[in-house]
Amino acid sequence: MTAPTTPGPAPRSRPHHPRTVGLDLGGRTALVTGAAGGIGRACALRLAAAGAVVRAVDRDAEGLEALAADSPGLAGAVEPQVLDLTDLDAAEAAAAGADILVNNAGLQLVRPIEEFPPDVFHTVLTVMLEAPFRLIRGALPHMYAQEWGRIVNISSVHGLRASAFKSAYVAAKHGLEGLSKTAALEGAPHGVTSVCVNPGYVRTPLVERQIVDQAAAHSVAEERVLADVLLKDSAIKRLVEPEEVAEAVLYLCSPQASFITGTSLAIDGGWTAH
Ligand code: NAD
């Protein structure tokens, strides 16, 4: 399924990320939320490189501009769309006509439940659970009409496991798992698949911000957070790169993945093997 894109052995310091070859999304329109940064950006670029026209949705206009600036020369195209997903009606409308939907946008706050601000809990659930529901709802009529569609929900190890101090995030991701399975059951007779992807800690701005928060929550020095907190349960002791997640997402969006539905793909370095 994969082939090296550069000759020679991978450098020891930074892992080599071979690209999946032969997957063609030409003629497909994909919508990726949270496309201005981290995993969403990597997914948008990878799907466009495979030939898709990518509607890149984010509230971060500057990040979308930077993404668009990096997209010329790809087989497909990136079309930036500034949108705050807490506007649920606009989110649902934005998904109309998409062949592929990648629900990725997310946010995190690390705080004990008794100190967790209720308004932030509400926002996390809105962006990470209710918006995906509305986006799926907006995308399904077109997918059903053409008897083909792909929904990939970027969940997390925290869709499968809980961690202290992440009540909203864990609740939203567990909810997303249920939404994804339900969409899989309803979509199956219409050629629509729905899956979750469950990364461990990915090298993105969200994690970089979390290192500071976790240091405060666990009363440890920031430099100890990676080894002692974030990678404690990962058998492979490194962060996963956004591009590695994007390769899995690309495969799940491809025609080749037509029988993979209602399931969750952990990309967690062995975390959930415990
Ligand atoms: P990130 O912070 O780098 O990117 C998230 C993007 O979502 C940002 O561009 C942000 O602007 C956008 N966004 C947030 N709220 C929004 C809103 N209301 N409307 C529109 N856009 C909004 O984060 P990331 O690490 O790339 O995370 C992406 C997804 O992957 C999230 O769902 C996250 O839960 C999941 N995830 C991340 C990790 C990790 O370690 N980074 C691990 C597992 C799962």
Side-chain angles (χ1 to χ4, degrees), residues 31-46 55-68 80-92 94-95 101-110 119-120 122-132 134-135 152-163 166 168-177 179-180 196-214 225-226 229-231 233-234 238-246 248-249 264-269 271-272:
L31 188 153
V32 179
T33 68
I39 297 167
R41 176 187 160 85
C43 289
L45 289 172
R46 191 63 188 98
R55 294 183 201 160
V57 168
D58 207 292
R59 64 178 171 182
D60 173 2
E62 222 172 275
L64 286 180
E65 262 175 49
L67 169 70
Q81 186 175 349
V82 180
L83 175 64
D84 190 321
L85 292 170
T86 58
D87 183 344
L88 294 168
D89 290 339
E92 182 168 333
L101 170 62
V102 180
N103 279 315
N104 165 78
L107 62 157
Q108 172 71 279
L109 181 70
V110 180
D119 61 320
V120 178
H122 178 73
T123 303
V124 170
L125 268 287
T126 303
V127 173
M128 292 169 58
L129 182 55
E130 200 167 350
R134 295 293 294 269
L135 285 148
V152 178
N153 300 298
I154 307 298
S155 178
S156 164
V157 166
H158 287 108
L160 309 170
R161 299 282 188 277
S163 289
K166 297 186 175 179
Y169 189 90
V170 169
K173 292 301 193 191
H174 277 66
L176 186 65
E177 296 279 330
L179 174 66
S180 181
C196 281
V197 167
N198 303 64
Y201 284 100
V202 189
R203 191 191 306 281
T204 71
L206 184 139
V207 163
E208 279 153 18
R209 285 191 296 273
Q210 230 188 99
I211 290 176
V212 179
D213 283 359
Q214 290 274 16
V225 167
L226 196 60
V229 181
L230 300 193
L231 299 179
D233 293 319
S234 182
R238 67 169 174 86
L239 297 173
V240 59
E241 302 293 330
E243 292 76 16
E244 293 177 278
V245 179
V249 170
S264 301
L265 175 63
I267 308 177
D268 67 355
W271 181 338
T272 49

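Start at 1 and go down the list; that is how both ligands and their atoms are numbered. Just so you know, residue 1 is the first one in the sequence shown, and it goes up from there. Keep in mind that this is a model prediction, so the values were computed, not measured.
Residues satisfying the salt bridge (Lys or Arg N to Asp or Glu O under 4.0 Å) criterion with Asp119, sequence neighbours excluded, are absent altogether. Looking at residues two or more places apart in sequence or on another chain, you find a side chain to side chain contact (heavy atoms under 4.5 Å, CB included) between Ala61 and Val82.
Protein heavy atom closest to atom 33 (C) of ligand 1, with residue, atom name and distance, is Tyr169 OH, 3.4 Å. Of the protein's non-hydrogen atoms, the one nearest atom 4 (O) of ligand 1 is Gly37 O, 4.1 Å. Atom 25 (O) of ligand 1 has as its closest protein heavy atom Thr204 OG1, 2.5 Å. For atom 16 (C) of ligand 1, the closest non-hydrogen atom on the protein side is Arg59 NE, 3.5 Å. At the shortest separation from atom 19 (N) of ligand 1 among protein heavy atoms lies Leu85 N, 2.9 Å. Nearest non-hydrogen protein atom to atom 7 (O) of ligand 1 is Gly34 CA, 3.5 Å. In this structure, atom 5 (C) of ligand 1 lies nearest to the protein heavy atom Gly106 O, 3.7 Å.
The shortest distance between side-chain heavy atoms of Leu85 and Leu135 falls below 4.5 Å. Side-chain contact between Val152 and Val197 is present, with heavy atoms from C-beta onward closer than 4.5 Å. A heavy-atom distance below 4.5 Å is found between the side chains of Pro132 and Leu176. The shortest side-chain heavy-atom distance between Val202 and Val245 falls under the 4.5 Å cut-off.
The backbone N or O of Ser155 lies less than 3.5 Å from no partner atom in the side chain of Asn198, so there is not a single donor-acceptor pair. Checked by atom type and distance alone, the side chain of Arg161 pairs as donor or acceptor with a backbone atom of Thr272 at under 3.5 Å. A donor-acceptor distance shorter than 3.5 angstrom exists from the side chain of Thr33 to the backbone of Ala105, with no hydrogens or angles considered. In terms of modelled atom types and a separation under 3.5 Å, the side chain of Asp84 and the main chain of Thr86 share a donor-acceptor contact.
Distances between N or O atoms of Asp60 and those of ligand 1 include no value under 3.5 Å.
At a 4.0 Å heavy-atom cut-off, ligand 1 does not touch Gln108 at all. Only backbone heavy atoms of Ser155 (N, CA, C or O) come within less than 4.0 Å of ligand 1; its side chain stays farther off. By the criterion of a heavy-atom distance under 4.0 Å, neither the backbone nor the side chain of His158 is placed next to ligand 1. Looking at Val202 against ligand 1, both its backbone and its side chain come within 4.0 Å, counting heavy atoms.
Atom CE in Met128 sits 6.5 Å away from atom CG in Leu107 (nearest 0.5 Å).
Atoms of ligand 1 found under 4.0 Å from any heavy atom of Val207, numbered from 1 in the order shown, are 39 (C), 40 (O), 41 (N). Contact atoms of ligand 1 toward Ile39: 26 (O), 30 (O), 36 (N), 37 (C) (distance under 4.0 Å to a heavy atom of the residue). Shown in contact with Gly38 at under 4.0 Å from a heavy atom are these atoms of ligand 1, numbered in order with element: 3 (O), 26 (O). Close approach of ligand 1 to Leu83 (heavy-atom distance below 4.0 Å) involves ligand atoms 19 (N), 20 (C). Close contacts of ligand 1 with Arg209, meaning ligand atoms under 4.0 Å from a residue heavy atom, involve 2 (O). Of all the atoms in ligand 1, the ones that sit under 4.0 Å from a non-hydrogen atom of Pro205 are 3 (O). Interface of Asn104 with ligand 1, defined as ligand atoms under 4.0 Å from a residue heavy atom, comprises 28 (C), 29 (C), 30 (O), 31 (C), 32 (O). Each of the atoms 17 (C), 18 (N), 19 (N) of ligand 1 lies under 4.0 Å from some heavy atom of Asp84.
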Step by step, work out the side-chain contact (heavy atoms from CB on, under 4.5 Å) result for Val124 and Leu109. CA-CA 9 Å; Val124 170; Leu109 181 70; 5.7 Å; no
Applying side-chain contact (heavy atoms from CB on, under 4.5 Å) to Arg134 and Asp89, what does each step give before you reach the verdict? CA-CA 8 Å; Arg134 295 293 294 269; Asp89 290 339; 2.5 Å; yes
Check against side-chain contact (heavy atoms from CB on, under 4.5 Å), Arg41 and Leu45: CA-CA 6 Å; Arg41 176 187 160 85; Leu45 289 172; 4.2 Å; yes
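The shortest separation from a heavy atom of Pro199 to ligand 1 is under 4.0 Å, placing the residue in contact. Residue contact check for ligand 1: Gly200 places a non-hydrogen atom closer than 4.0 Å to it.
Selection from Leu206, Asp58, Thr33 by nearest heavy atom to atom 11 (O) of ligand 1 gives Asp58.
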